[in-house]
K.L.:
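Structure below; questions to follow.
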Amino acid sequence: MPVWHAATRELVAAGRLRVIGVVQEQHRERAALWLKWQGIGWPVAWDPFNQLEVKLVPKVLAVQPGGLVLKDRLHPKRIEGEGGLLEVMGRMQGATAELEQPAQFGPHLARARGPITPADEPGEFAPAAMATLLMDRQRLDAGSCNRRRAAVQALVDRARAPDATARDHFRAGVAQRLLLDLEGPSQRPGEQPNQGRFQGAINSWSRALSLDPGQYIWRRRIQQWGPRLDKPYPFYDWVPLARKELAARGLEPAAWKVLLSGSETARGGYDLPVPAVQENPDPLAQIPSDVKQRVSLHWAVAPHTGFAGPNVRVAPGTSRVHLSLVLAEDVRIEPEGGPLGIWIDLPDGWRARSSWIDLHPVGEEDYQDSRLDFELVAPAPGPPGEAPPPVPRLTGYVLYPVCVGENGVCNLLRRNFDLDLRPAR
Amino acid sequence: MALHPLALIVFLLCGPLSARQVQATGTAEGQVLPDLELPLVGTEGTLRLRGEAGDSRPILLVTFASW
């Protein structure tokens, strides 16, 4: 994009061209940081639901006012000459189109502040729900939460309908992840927690991708949280440098509510993890079990997207596993009280960096929001035509030292887990 | 030669219809962008992809992601 920015700067300044951007990302604030860092001042719209229905990015279009696409494969190195931007602009000169009020979406955006009711026309229901989420003011009062949840439910229900399309599944995934990021994993007492929203999003995206494996916007949404083996490039490794350089310019960027996971900054690569030998800290299960569920475990398994294509390069089950610990209200983690991490019982032939993995605090020393993500690699697939072996479940346990109340008792507790690693279809 | 009244009716009905024929929406050449209004990144407000009324400048629409 910086190349396009430089190539069009003079045309824009002369009032001969209007450049607009549409960003195909789940998180709007990440795109905002990148634009600020790159010094790009175009108006840029946020399209997390991929309503523009592009299959990959970047895609650069020459558009006549009114919406007619005159050229859909422009290249920044061909501004002049036949088929270049200037020649296409010449064709547009004098072309004027009468613009009516936005027919498809404008009224829905206007309606975003109103409730979504079952009485809405079925054809308008999904756009109204998307508009509600796009225009969300991130308030946590009861009315805002109810409206937001109704919007998410409308999109999830749409994806459950017998005539649901791949696009419906993708949008249901976007909605679930938006809800999780807006409200956080836990909700106020008495309300449905957002446990499972992340996995719900990944499952919805996986179903969408299995119906349309050529949709690379959808594929990237899974790969963002998926294994390194499946990454075409690191997604957000530029963030620390952008923050540092903006701070040096005196432009302190705002803190993000949704922090990056390890997967989102990891580099792609085909090197398999070399397992570090670790000792099982509780082989006989002697550490007391957290029967009162002082901590809830929020899991999500992001599969290698190879499952959705015809050329399976890795065996099903290869994935990136994400875990967040969500503490009950009067519980805190006391890192001095013992090991904080998880033990995984690696199935035969499977690989991970280690069987014991430490949980990390989110932010500086904030152990109250601990989480981790780690990679699992299934054994190499057999020869072509041979059915892959069934995907085993992943078992293990989590250890966490917690204290209850201000001056309460502190304990090291254990919770077993049993995860399904199969990609949703 | 006088125009047959029926032919005149057909011409009057079909002429305007063909001029207003429905164009496919999409992002390929010859298609019309979906009439979308989306929220802006980094600031308040919304953006209409087909352009704003009264603005006759050509539009370069760049779809991208920061990754």
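The chains referred to below are lettered A, B, ... by the order of the sequence lines, with proteins before strands, and numbering in each begins at 1. Below, all heavy atoms of this structure are taken into account, side chains as well, without hydrogens, waters or symmetry copies.
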K.L.:
For the candidates A:V54, A:L35, A:L52, A:D47, which exhibits the highest count of non-hydrogen atom pairs separated by less than 4.5 Å from chain B?
P.N.:
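The answer is A:L52.
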K.L.:
Are any non-hydrogen side-chain atoms of A:W256 and A:V239 less than 4.5 angstrom apart?
P.N.:
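Yes. Closest side-chain heavy atoms under 4.5 Å.
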K.L.:
Under the 3.5 angstrom rule, does the side chain of A:R167 hit a backbone N or O of A:N50 as a donor-acceptor pair?
P.N.:
no
K.L.:
With a 4.5 Å cut-off on heavy-atom pairs, point out which of B:T27, B:T25, B:L49, B:V32 contacts chain A the most.
P.N.:
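The answer is B:T27.
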K.L.:
Do A:V22 and B:L36 come within less than 4.5 Å of each other through their side chains, counting heavy atoms only?
P.N.:
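Side chain of A:V22 against side chain of B:L36, heavy atoms only: no contact under 4.5 Å found.
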K.L.:
Tell me whether the rings of A:F235 and B:W67 are parallel (<30°), tilted (30 to 60°) or perpendicular (>60°).
P.N.:
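Tilted, since the angle between the ring planes falls between 30° and 60°.
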K.L.:
I'd like to verify something: which residue of A:V23, A:L85, A:L61, A:I217 has the highest number of heavy-atom pairs under 4.5 Å with chain B?
P.N.:
A:L61
K.L.:
Heavy-atom cut-off 4.5 Å, strictly under: side chain, backbone, both or neither for A:Y236 against chain B?
P.N.:
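Side chain only.
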K.L.:
Hydrogens and angles aside, do B:T63 and A:Q24 bring a side-chain donor and acceptor to less than 3.5 Å of each other?
P.N.:
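Judged by distance alone, the side chains do not pair up.
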K.L.:
Just by distance, do the side chain of A:R18 and the backbone of B:S56 share a donor-acceptor pair under 3.5 Å?
P.N.:
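A pair under 3.5 Å: no.
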K.L.:
Given a strict heavy-atom distance threshold of 4.5 Å, which part of A:W46 is in contact with chain B: side chain, backbone, both, or neither?
P.N.:
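Contact with chain B involves both backbone and side-chain atoms of A:W46.
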K.L.:
Would you say that A:Q26 contacts A:L178 through its side chain, given a criterion of any heavy-atom pair below 4.5 Å between the two side chains?
P.N.:
yes
K.L.:
Is it the side chain or the backbone of A:L33 that comes within 4.5 Å of chain B heavy atoms, both, or neither?
P.N.:
neither
K.L.:
So which atom in A:S263 and which in A:G226 form the shortest heavy-atom distance, rounded to 0.1 Å?
P.N.:
OG-O, 2.9 Å
K.L.:
Looking at B:T43, B:L47, B:V41, which one has more heavy-atom pairs under 4.5 Å with chain A than the rest?
P.N.:
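Most pairs with chain A among the choices: B:V41.
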K.L.:
Output the option from A:K71, A:E53, A:R73, A:Q224 having the highest count of non-hydrogen pairs under 4.5 Å with chain B.
P.N.:
A:K71
K.L.:
Mind ranking B:G26, B:G42, B:G45, B:A65 by heavy-atom pairs under 4.5 Å with chain A and telling me who comes out on top?
P.N.:
B:A65
K.L.:
What option among A:K36, A:E264, A:R220, A:E29 has the most heavy-atom pairs under 4.5 Å with chain B?
P.N.:
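Result: the option with the highest number of such pairs is A:R220.
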K.L.:
What is the ring orientation for A:W225 with A:W205, classed by angle as parallel under 30°, tilted 30 to 60°, or perpendicular over 60°?
P.N.:
parallel
K.L.:
Could you have a look at A:V44, A:L56, A:V60 and say which one has the most heavy-atom pairs with chain B under 4.5 angstrom?
P.N.:
A:V44
K.L.:
Is A:W42 in contact with chain B via its backbone, its side chain, both, or neither, using a 4.5 Å heavy-atom distance?
P.N.:
side chain
K.L.:
Side chain from CB out, backbone as N, CA, C, O: work out which of these in A:L74 comes under 4.5 Å of a heavy atom of chain B, or both, or neither.
P.N.:
side chain
K.L.:
What part of A:L70 gets closer than 4.5 Å to chain B, counting heavy atoms only: side chain, backbone, both or neither?
P.N.:
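Backbone of A:L70 only, per the 4.5 Å heavy-atom cut-off to chain B.
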